[in-house]
Asks: 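Please see the structure below; I have some questions.
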Amino acid sequence: MVGPLLEDTDLLLLLSRRLLEFYDHHQRSLPWRDNLDVYSVWLSEVMLQQTGVVTVLPYYQRFMGEFPTLQALAQAPLERVLFHWQGLGYYQRARHLHQTAQMIVLHHGGVFPQQLELLLALPGIGRNTASAILAIAFNRPYAILDGNVKRVLARLTALEAPLNRVSEQCLWQLAQRLTPVERPGDYAQAIMDLGATICTPRRPQCPRCPWQPYCRARIAGRSEHYPITLASVTKPRRWQIGLLLSRADGRILLMKRSSRGLLAGLWEPPCSDILPETTTDQPLLPALSADTVCRGFGLEAADWTTAQPIRHTFTHFHLTLFPWQGRWLSGEPDINAARHQSWDWVAPDEIGQFPIATLHRKLLQVFRRGL
DNA sequence: AACACGGGGCA
DNA sequence: TGCCCAGTGTT
C-alpha cells in the first residue's frame, strides 16, 4: 500500500536523508555530473531515456564534442545531428532534440526556461524529463519517476497493482512526497542511482540498500517479485528484401527517407515493404524476388547474388532481411514521396559519412567482403 | 528465447 | 487511454 507511507512525514524525511547519505558516498561518476549545466542535463536525460548508461557514454562524449552548446546544436544541420545519433535508435528523439534547441534559441533567447509548463511545451520533453531538468539543473523540488524509480518505489511499498497509469499516479504522489526541499537535484540522481546499481530488476543487492529496513518487499522476502508486470506479448516475425545495387564505378545506391515517419531523414539501400511471415512450421521462400523489388524502384539490374539473411529485433517485431546484391544496368530511382526524398550513388569510402540506422549498416556490411 | 529498460506523442 | 515507436544488453 502506498497510502500509509504518504502520511508518515517522519519516515519520508528519514528515507530521503538516508538516500542522500548513500549518494554522498556511492554516487556514480558520470561525465554530465562534472558540470550540471542545463544543456548537459537535458542531453543526458534524453539519451538515457532509451538506453543504459554504458551505451550512452560514448554517444554523449561525441555529441558534446560536436555540439558543445545549445547554440551549436540549434545551428547544426539535422543530418549532422542524425549522424551522431546513428545506432542509438528511436531517431525521433534526435529530431526533437534539434527542434527543441532551435525553439529555445528562437522563443527563449537561447536560455532554457525554468517553468514546468514552458519545458513541457518543448518537443521530446515530458513530465519526467522536465522534472529531471528542474531538479538536477536548477535544484528545484520536482519529483522524477523513470523506470528505475518506479521499480524502487514499487518495492518500497510492495505495490500489488501492476504498473499502469492508475498505479503510477500513486507512485508520482509518493515520489513527490519523498523529494526533499533541500538538495532535490542530488535526491533525484540518488534515487536513479539506487535503481541502477542496488535495486536492480534481478538480484537486487538489498544488504547494501539504505532503505532496506523500511522496504516492504524486502521485509516480506520478495524484493524481486516487484514491480508486478503483465505477461508480455510475443513479437511477430516479419521479413523484407534489401538491395545493394552497384554501378560499374563501384558506387552504391542509397536513398534518403522522407522527413516524416519512421527513420525520418536517414539513408538506406532500397528495400521492399515489410511483410508478415505467414508460415507456421515451414518457412516459405519469399514470394517476392529481388528483381521485382528492383523494378518497383524503376531500375534494371542483373547478376543477382545473395548472402546470409540478417536477423534484427525491433521493439515490436523480429525482422529477417534477405540481402541481394545486383549490378545496376539502367534507370533512375523513382521517388515515392511517401518513402523517400532523394537518392545518391555513393562511393564505398563515403558511406561512413551518411546517417544510417543499425539494420541498414548490417545490410551494407554483408557484402563488404565480396566487394 | 525471454525479459527489462524507456517515455513521449498521438488518435 | 491504449497503442506506437526500424534496439540493446543480460540471463
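Just so it is clear, the model here is predicted, and its values are computed rather than measured. Every chain is numbered from 1, with letters handed out A, B, ... down the list of sequences.
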Asks: If you look at every strand shown and take non-hydrogen atoms under 4.0 Å, does A:L88 touch a base, only sugar-phosphate, or nothing?
Replies: nothing
Asks: Ignoring backbone atoms, test whether A:T358 places a side-chain nitrogen or oxygen under 4.0 Å from the OP1 or OP2 oxygen of C:dT8.
Replies: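 For C:dT8, OP1/OP2 do have a side-chain N/O of A:T358 under 4.0 Å.
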Asks: By nearest heavy atom, map A:R238 and A:T51 onto DNA chain C; which one lands nearer the 5' end?
Replies: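 The residue closer to the strand's 5' end, by nearest nucleotide, is A:R238.
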Asks: At 4.0 Å (heavy atoms only), tell me whether A:Q240 reaches a base, stays on the sugar-phosphate, or touches nothing.
Replies: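 If one applies the 4.0 Å heavy-atom cut-off, A:Q240 turns out to touch a base.
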Asks: For C:dT8 versus B:dG9, give the span between their P atoms, rounded off to a whole number of Å.
Replies: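 Result for the P pair: 22 Å, nearest Å.
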Asks: Just call it for A:N164: base, sugar-phosphate, or nothing, with non-hydrogen atoms closer than 4.0 Å on any strand.
Replies: nothing
Asks: Describe, in one word, how the ring planes of A:F297 and A:H340 are oriented to each other, choosing from parallel (under 30°), tilted (30 to 60°) and perpendicular (over 60°).
Replies: tilted
Asks: Runs of at least three consecutive Watson-Crick or G-U pairs, both distances under 3.5 Å, are what I'm after; which ones involve DNA chain B?
Replies: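 DNA chain B stems, ordered by first number: B:1-5 with C:7-11, B:7-11 with C:1-5.
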Asks: With a 3.5 Å cut-off and no angle check, do the side chains of A:T157 and A:Y226 form a donor-acceptor pair?
Replies: no
Asks: Any N or O donor-acceptor pair linking the side chain of A:Y90 to the base of B:dG6 at under 3.5 Å?
Replies: yes
Asks: Using a 4.0 Å heavy-atom cut-off, does A:R93 contact any base of the nucleic acid, only the sugar-phosphate backbone, or nothing at all?
Replies: base
Asks: Specify the residue among A:L359 and A:V166 whose closest nucleotide of DNA chain C lies further upstream toward the 5′ end.
Replies: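 Here A:V166 is the residue nearer the 5' end.
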Asks: Between atom CZ in A:F317 and atom C1' in C:dC3, what is the gap in whole Å?
Replies: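 The answer, rounded to whole Å, is 15 Å.
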Asks: Judged by modelled atom types alone, do A:N164 and A:S167 share a side-chain donor-acceptor pair under 3.5 Å?
Replies: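 Yes - a donor-acceptor pair under 3.5 Å links their side chains.
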Asks: Are any of the side-chain heavy atoms of A:H360 and A:C271 separated by less than 4.5 Å?
Replies: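 Sidechains of A:C271 and A:H360: in contact.
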Asks: For A:L163 and C:dT1, what is the distance between atoms CG and P respectively, to the nearest whole Å?
Replies: 16 Å
Asks: Using a heavy-atom cut-off of under 4.0 Å over every strand shown, decide if A:T55 touches base, sugar-phosphate, or nothing.
Replies: sugar-phosphate
Asks: Give one of base, sugar-phosphate or nothing for A:G147, where a contact means two heavy atoms less than 4.0 Å apart.
Replies: sugar-phosphate
Asks: Under the 3.5 angstrom rule, does the side chain of A:Q205 hit a backbone N or O of A:I198 as a donor-acceptor pair?
Replies: no
Asks: Can you confirm whether more than 12 heavy atoms, excluding those of A:Q61, are under 6.0 Å from its CD atom?
Replies: yes
Asks: Using a cut-off of 4.0 Å on non-hydrogen atoms, how would the nucleic acid contact of A:R257 be classed: base, sugar-phosphate, or nothing?
Replies: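 The residue A:R257 makes base contact.
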Asks: In this structure, how many angstroms lie between the C1' atom of C:dT11 and the CZ atom of A:R202, rounded?
Replies: 5 Å
Asks: Taking any heavy-atom pair under 4.0 Å as a contact, classify A:L48: base, sugar-phosphate, or nothing.
Replies: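 Answer is sugar-phosphate: A:L48 comes under 4.0 Å of backbone atoms only.
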Asks: Just by distance, no angles: are the side chains of A:R93 and A:Q49 close enough, under 3.5 Å, to form a donor-acceptor pair?
Replies: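 The answer is yes; a qualifying pair exists.
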